[in-house]
Amino acid sequence: MGLLSLIFGKKEKKGPAPKSQEPTAPVSKPIAKEEPKKEERPVANKITVGHVHMSGCTGCLVSLADNYEGLFTILDNYADLVYCLTLADARHIPKMDVALVEGSVCLQDELSVEEIKETREKAAVVVALGGCAAYGNITRFCRGGQWNQPQHEGFVPIGDVIDVDVYIPGCAPCPQQIRNVCVMAYLLLKGTPEQQALAKAYLAPLMALASEGSKATSSEACGCDIMTKVINQGLCMGCGTCATSCPVFAITMEEGKPNIQRDMCIKCGACYAACPRAFFSFDVVNQYENILGIIDGAMNPGGN
Ligand code: SF4
Ligand code: SF4
């Protein structure tokens with residue numbers, strides 16, 4: 001049983017429906033022998049994953065949970081959730097293979113700055129989970145001046161404070177992409193050489209995004225990214241993916257090209273990340289079927 005199964009309890013198995021609604025007679029039956037409980041054995045070679053909550057809204061964690069049964073499959077087979085203040089009682093950041101970091105860093109909050117630095121020290125792979133961790137997102141608009149911490153006015157993406165390995169942009173990030181990154185991290189750390197190669201191909205563009213975002217000059221995202229980096233470069237093919245990915249409908253397609261209303265943009269970076277002409281990777285696209293196959297196989301370990 002995985003950690004979340006323990007917390008939420010396993011689903012009750014449905015037994016046969018009762019034959020009638022007649023009131024039951026006073027109990028005089030012999031007490032049925034309890035089935036001996038099966039020994040719970042941890043699955044060998046799982047990776048350890050933590051969720052680190054900085055200045056975020058917990059929507060990224062909800063997005064992880066939106067994998068429903070898929071999350072249980074991951075927790076049962078590939079990853080132990082060793083740290084997550086929302087779901088478990090571990091109070092201190094442990095050593096872990098993968099840290100999924102949600103939220104930006106408040107520079108005036110000493111504890112937050114320490115926490116993100118400690119995360120970097122303790123985690124082999126740091127993932128910026130969601131637009132706030134990756135680009136600052138809505139916290140970019142913070143100006144302080146609010147009771148009871150009016151001095152809390154500067155919020156930066158985690159890449160401004162520490163090195164980040166992988167970005168998963170989006171507000172909220174896509175559940176399937178979080179799931180895929182978890183499975184790929186497992187394969188990268190525990191898989192066969194072939195699986196490791198596939199995991200590298202899948203993660204490479206998200207790592208490239210992280211390395212681009214960690215440069216001080218590009219750590220802010222904006223709808224104008226698709227203007228400057230795609231349309232103005234003659235790369236836009238008018239597919240409309242950017243418009244469908246924008247969580248606040250700041251992009252409309254006009255005469256076949258995206259038009260961005262900047263005063264609506266919350267700076268999440270989803271449009272640029274979703275654009276097929278932004279950081280198009282033939283390494284991934286050429287392996288698309290293999291990657292889908294490996295993820296499908298991972299999510300159905302019993303072959304059902
Ligand atoms: S235009 Fe929309 S998707 Fe793009 S950064 Fe702004 S809010 Fe995010
Ligand atoms: S997703 Fe990229 S290619 Fe498609 S319309 Fe938007 S900017 Fe153009």
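Both ligands and their constituent atoms are indexed starting at 1 by order of listing. Because the structure is predicted, anything quoted here is derived from the model rather than measured. Numbers here simply count residues along the sequence, with the first being 1.
- With 2.8 Å as the limit, C265 does not count as an N, O or S neighbour of atom 2 (Fe) of ligand 1.
- Under the 4.0 Å criterion applied to side-chain N and carboxylate O atoms, R120 and D165 are assigned as salt-bridge partners.
- With a 4.0 Å cut-off on non-hydrogen atoms, V248 touches ligand 1 through its side chain and not its backbone.
- Per-residue contacts place I266 under 4.0 angstrom from the following atoms of ligand 1 (heavy atoms of the residue considered): 6 (Fe), 7 (S).
- Considering only non-hydrogen protein atoms, atom 2 (Fe) of ligand 2 sits nearest to C275 SG, 2.3 Å.
- Atom 8 (Fe) of ligand 2 lies at 2.8 Å or more from every N, O or S atom belonging to C239.
- Aromatic pair Y135/Y167: centroids less than 6.0 angstrom apart.
- Taking every non-hydrogen atom of G238 and a distance limit under 4.0 Å, the qualifying atoms of ligand 2 come out as 5 (S), 8 (Fe).
- A cation-pi arrangement, defined by a distance under 6.0 Å to the six-membered ring centre and an angle within 45 degrees of its axis, is present between K229 and Y272.
- Under a 4.0 Å criterion applied to the non-hydrogen atoms of C236, ligand 2 contributes the atoms 3 (S), 5 (S), 7 (S), 8 (Fe).
- The shell of residues lying under 4.0 angstrom from ligand 1, judged by heavy atoms, includes G269.
- Between K117 and E121, no side-chain nitrogen of the basic residue sits less than 4.0 Å from a carboxylate oxygen of the acidic one, so the salt-bridge criterion is not met.
- Here the heavy atom of the protein found nearest to atom 1 (S) of ligand 2 is C242 N, 3.2 Å.
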